[in-house]
Amino acid sequence: MSNRHASVTLDPREVQVETRGAISPGAVDDARVVVAAATSFAHEPVLFARVKLSATADPVVFCPCTAQANINVSGQFVRAQAVAESMDQAIRLLGDRLRVRLRHAGRDGENLRGRRPEDVDHEWRRSSPHRRPLPYSPRIGGEREIVRHKAYELTWATPDEAAFDMEQFDYDFYLFTEAETGQDSVIYHSRDGYRLAQIAPMPHKLGPVSIPLTVSPVPAPVLSVSEAVERLETTGMPFVFFADASTGRGSLAYHRYGGHYGLIMPSR
């Protein structure tokens, strides 16, 4: 087993690092070492590893340092990120999260995809317990703006598959199209497991589900982007899932760590 792991561990020099803000050369070297060491937990060869380190001088942001890693394990992408008061702490937290995800990525992907719910190994859920969302910084409402706009073709997936993908990519929520109902949906952590919200809830049409899942009975509100942002601000929730008034498709407005907003919507 040790020889197998040694064969897939990256050399720190192979880890690509992108920086934004005042990042010291020492932090770049540290990130390379920490992420390269984490790749020893992968069950398959690691094709590449990319790290993004960013720091902001904005005094409003109380966790100004972000470390994010994207790893390609034989074609399967694993993502982890951490925010902290110092870059050293963010990198250490990133390494911890990355090791957990890489250790379970290959085996869990095989267990979940293409198998019956009763056959699924649930260890991946036990290794990724419910966690508090990463903090975002308060700002005066008029100072906020949408600084990240992401559009992509939504994946068709079962709730089990969507939950797995959410954990592997270290997301707090995941926008997808539910495979049995054809409904744009979002899955996210709840106190007792996972929660599913849909454009038009159809819990009776969902296929077999193995994860602890509750389904919101409330249809997604029909909102414009500006109305969704306004609701995000007034409710204080981490995100707002809504049906875009112009397209009818499921979309998400959410708080970003720097105190601004992000927007996720289907590309088609």
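Values below: all heavy atoms of this structure, side chains included; hydrogens, waters and symmetry mates excluded.
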Exercise for the section: Could you give me the CA-CA distance, side-chain angles and deciding distance for R249 and D184, then say whether salt bridge (Lys or Arg N to Asp or Glu O under 4.0 Å) is met? Expected result: CA-CA 7 Å; R249 297 296 305 276; D184 291 344; 2.5 Å; yes
Exercise for the section: Step by step, work out the side-chain contact (heavy atoms from CB on, under 4.5 Å) result for L53 and I91. Expected result: CA-CA 9 Å; L53 304 178; I91 291 171; 4.2 Å; yes
Completion exercise
So CG of L10 and OG1 of T39: to nearest 0.5 Å the spacing works out to 4.0 Å
Exercise for the section: Check whether any side-chain heavy atom of L263 sits under 4.5 Å from a side-chain heavy atom of L252, and report yes or no. Expected result: no
Handout entry: F173 and I264: CA distance, side-chain angles, deciding distance, side-chain contact (heavy atoms from CB on, under 4.5 Å) verdict
Key = CA-CA 11 Å; F173 43 80; I264 303 174; 4.2 Å; yes
Problem - R13 and V15, any side-chain heavy atoms less than 4.5 Å apart - result: no
Problem - L206 vs V215 side-chain heavy atoms within contact, under 4.5 Å - result: yes
Problem - Side-chain heavy-atom pair Y188, F239 within 4.5 angstrom cut-off - result: yes
Practice task
Taking the side chain as every heavy atom from C-beta outward, state whether M265 and V225 have any pair of such atoms under 4.5 Å apart.
Solution key: yes
Problem - Cationic N near anionic O, under 4.0 Å, D30 to R92 - result: yes
Handout entry: Atom pair CD1/CG of I199 and D244 - distance to nearest 0.5 Å
Key = 9.0 Å
Exercise for the section: State plainly whether one hydrophobic cluster holds both F176 and F77, where clusters connect Ile, Leu, Val, Met, Phe, Trp and Tyr through side-chain heavy atoms under 4.5 angstrom apart. Expected result: yes
Handout entry: Mutual orientation of the aromatic rings belonging to Y261 and H255 [parallel < 30°, tilted 30-60°, perpendicular > 60°]
Key = tilted
Handout entry: Closest contact, heavy atoms only, E44 versus S74
Key = CB-OG, 3.3 Å
Problem - Exercise: identify the closest heavy-atom pair between P159 and V209 - result: CG-CG2, 4.2 Å
Fill in the blank from the handout: Nearest heavy-atom contact between I187 and A163 is CD1-CB, 3.9 Å
Exercise for the section: Step by step, work out the side-chain contact (heavy atoms from CB on, under 4.5 Å) result for V46 and N72. Expected result: CA-CA 6 Å; V46 175; N72 185 326; 6.0 Å; no
Problem - Single-linkage hydrophobic cluster, 4.5 Å side-chain cutoff, W156 and M202 together - result: no
Practice task
Spell out, yes or no, whether V229 and V222 are grouped together once hydrophobic residues are joined by side-chain heavy atoms under 4.5 Å, including indirect joins.
Solution key: no
Fill in the blank from the handout: So CZ of R50 and CD of E14: to nearest 0.5 Å the spacing works out to 15.0 Å
Exercise for the section: Give a yes or no answer on whether the side chain of E233 reaches the backbone of E230 with a donor-acceptor pair at less than 3.5 Å. Expected result: no
Handout entry: Non-hydrogen side-chain atoms of L223 and R231 separated by less than 4.5 Å
Key = yes
Practice task
I would like to know whether L98 and I71 meet side-chain contact (heavy atoms from CB on, under 4.5 Å); could you show each step before the answer?
Solution key: CA-CA 9 Å; L98 192 57; I71 312 294; 3.8 Å; yes
Handout entry: Spatial distance of atom CG (L93) from atom SG (C65) [nearest 0.5 Å]
Key = 11.5 Å
Completion exercise
Interatomic distance, CG@D172 vs NE2@H189, rounded to 0.5 Å, equals 7.0 Å
Problem - Considering all heavy atoms, the nearest L94-A82 contact - result: N-CB, 3.8 Å
Exercise for the section: Consider only side-chain N and O atoms of Y174 and E161, and report whether a donor and an acceptor are under 3.5 Å apart. Expected result: no
Practice task
Indicate the atoms forming the closest heavy-atom contact of E85 with Q89, along with that distance.
Solution key: N-OE1, 3.8 Å
Practice task
State, to 0.1 Å, how close A55 and I23 come at their nearest heavy-atom pair, and which atoms those are.
Solution key: CB-CD1, 3.7 Å
Exercise for the section: For residues E153 and P266, determine if any side-chain heavy atom of one lies less than 4.5 Å from a side-chain heavy atom of the other. Expected result: no
Exercise for the section: For E178 and E180, indicate whether the former's side chain and the latter's backbone hold a donor-acceptor pair under 3.5 Å. Expected result: yes
Handout entry: Student check: side-chain heavy atoms of R32 and Q16 closer than 4.5 Å
Key = no
Exercise for the section: Starting at CD of Q68, measure out to NZ of K52 and round the result to the nearest 0.5 Å. Expected result: 5.5 Å
